[in-house]
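Below is one structure; the comments refer to it alone.
Since the model is a prediction, treat every value here as computed from it, not as a measurement. Counting from 1, the numbers follow the sequence of the chain as shown.
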Amino acid sequence: MIHTITDFSAPELDVFARLTEAQLLNREHPEDGIFIAESPKVIERALDAGYEPLSLLVEDKHLQTQAAHILSRCEEVPIYTASFDVLKQLTGFPLTRGLLCAMRRKPILNIQDVCQNARRIAILENVVNPTNIGAIFRSAAALGMDAVLLTSACSDPLYRRCIRVSMGTVFQIPWTFCQDANEVRSYGFKTVAMALRNDSVDIRNPELAAQDKLAVIMGTEGDGLADRTISSCDYTVRIPMSHGVDSLNVAAASAVAFWQLGNK
């Protein structure tokens, strides 16, 4: 059923406009956790991945146009509509392409299920910037990674900005949290630490690409990987640089690494 909203302070808009990421996540009751997906393409990817829609917010002019296909898939949930003059008060609304969806979180996968059929895994250690997380997921999906693992200090992939930057690829790549970046070695993976060390192997070394199961480990913005993580990896790898540049942003470095080492 479609409900028209004329006042930005309407409580029906709270989930889209006023609840924080922490409130949406609901750590005390994770089974009730939700997230917000923005734009038709992203919402469609979430629906295709089996996420349950709870409510939708759509700009009125899109009801019969770019939102129509999504709305037809969500006929059993509340659909709220408003004019642009009401919705422009919503931070970032121009980036949503006129459509938002509140969706229920799924239970977090266990690491065994994520790893068992994978050959190439990206592991993120303490990457805290949601934009970087989203960009890394997009590169992982495009460039041959089968799964992503994140340490507990990383931003949640279902934070709103992560989802937006990833273009919904967080719904296409299996992911979960891990206790330690080298935990995957027990599942037969050789581990690659991306780090600036004098003894690093060139990322173009054919021995790396020849490995049957490879986990590429990326570190936090600024400090990179912890020394103990690097020392326990099978390889330490660096991307060759020129013009005196010493490193790339972690999201840019991930794209290079996944292109070189991902499934071909």
(message) Minimum heavy-atom separation for R138 and V165, please, with both atom names.
(response) CD-O, 3.9 Å

(request) For N126 and A153, work out which heavy atoms get closest and say how close. (result) OD1-CB, 3.3 Å

(message) Closer than 4.0 angstrom, basic N to acidic O: yes or no for R185 and D180?
(response) no

(request) State, to 0.1 Å, how close E207 and N205 come at their nearest heavy-atom pair, and which atoms those are. (result) N-OD1, 2.9 Å

(request) Kindly give the heavy-atom pair with the smallest separation between I163 and I36, and that separation in Å. (result) CD1-O, 3.7 Å

(message) If you count heavy atoms of other groups shown closer than 6.0 angstrom to CD of E31, is the number above 12?
(response) yes

(request) Determine the sole option in F16, F171, Y159 for which the ring-ring contact (aromatic ring centres under 6.0 Å, His included) test with F35 is passed. (result) F171

(request) Any chance you could measure L54, atom CG, to R104, atom CZ, to the nearest 0.5 Å? (result) 5.0 Å

(message) Nearest 0.5 angstrom please: L158 CG to I108 CD1, how far?
(response) 7.0 Å

(request) Determine, step by step, whether R27 and D156 satisfy the salt bridge (Lys or Arg N to Asp or Glu O under 4.0 Å) criterion, reporting the C-alpha distance in whole Å, the side-chain angles of both residues, the deciding distance to 0.1 Å, and the verdict. (result) CA-CA 12 Å; R27 293 184 187 276; D156 191 301; over 6 Å; no

(request) Determine, using the 4.5 Å side-chain heavy-atom cutoff (strictly less than), whether V256 and V237 are members of one ILVMFWY cluster. (result) yes

(request) Kindly say whether D227 contributes a backbone atom to a donor-acceptor pair with the side chain of S231 at under 3.5 angstrom? (result) yes

(request) Hey, can you tell me if F137 and W175 have their rings parallel, tilted or perpendicular (30° and 60° cut-offs)? (result) perpendicular

(message) For a 4.5 angstrom cut-off between non-hydrogen side-chain atoms, does I136 reach S139?
(response) no

(request) Find out whether S166 and Q172 are in side-chain contact, i.e. whether some heavy atom of one side chain is under 4.5 Å from a heavy atom of the other. (result) no

(request) Identify which one of R161, R45, R160 satisfies the salt bridge (charged side-chain N to carboxylate O under 4.0 Å, His left out) criterion when paired with E38. (result) R160

(message) Quick one, Q112 and Y187 - any side-chain contact, counting heavy atoms below 4.5 Å?
(response) yes

(request) Give the C-alpha distance, both sets of side-chain angles, the deciding distance and a yes or no for salt bridge (Lys or Arg N to Asp or Glu O under 4.0 Å) between D48 and R73. (result) CA-CA 10 Å; D48 289 345; R73 297 183 62 177; 2.9 Å; yes

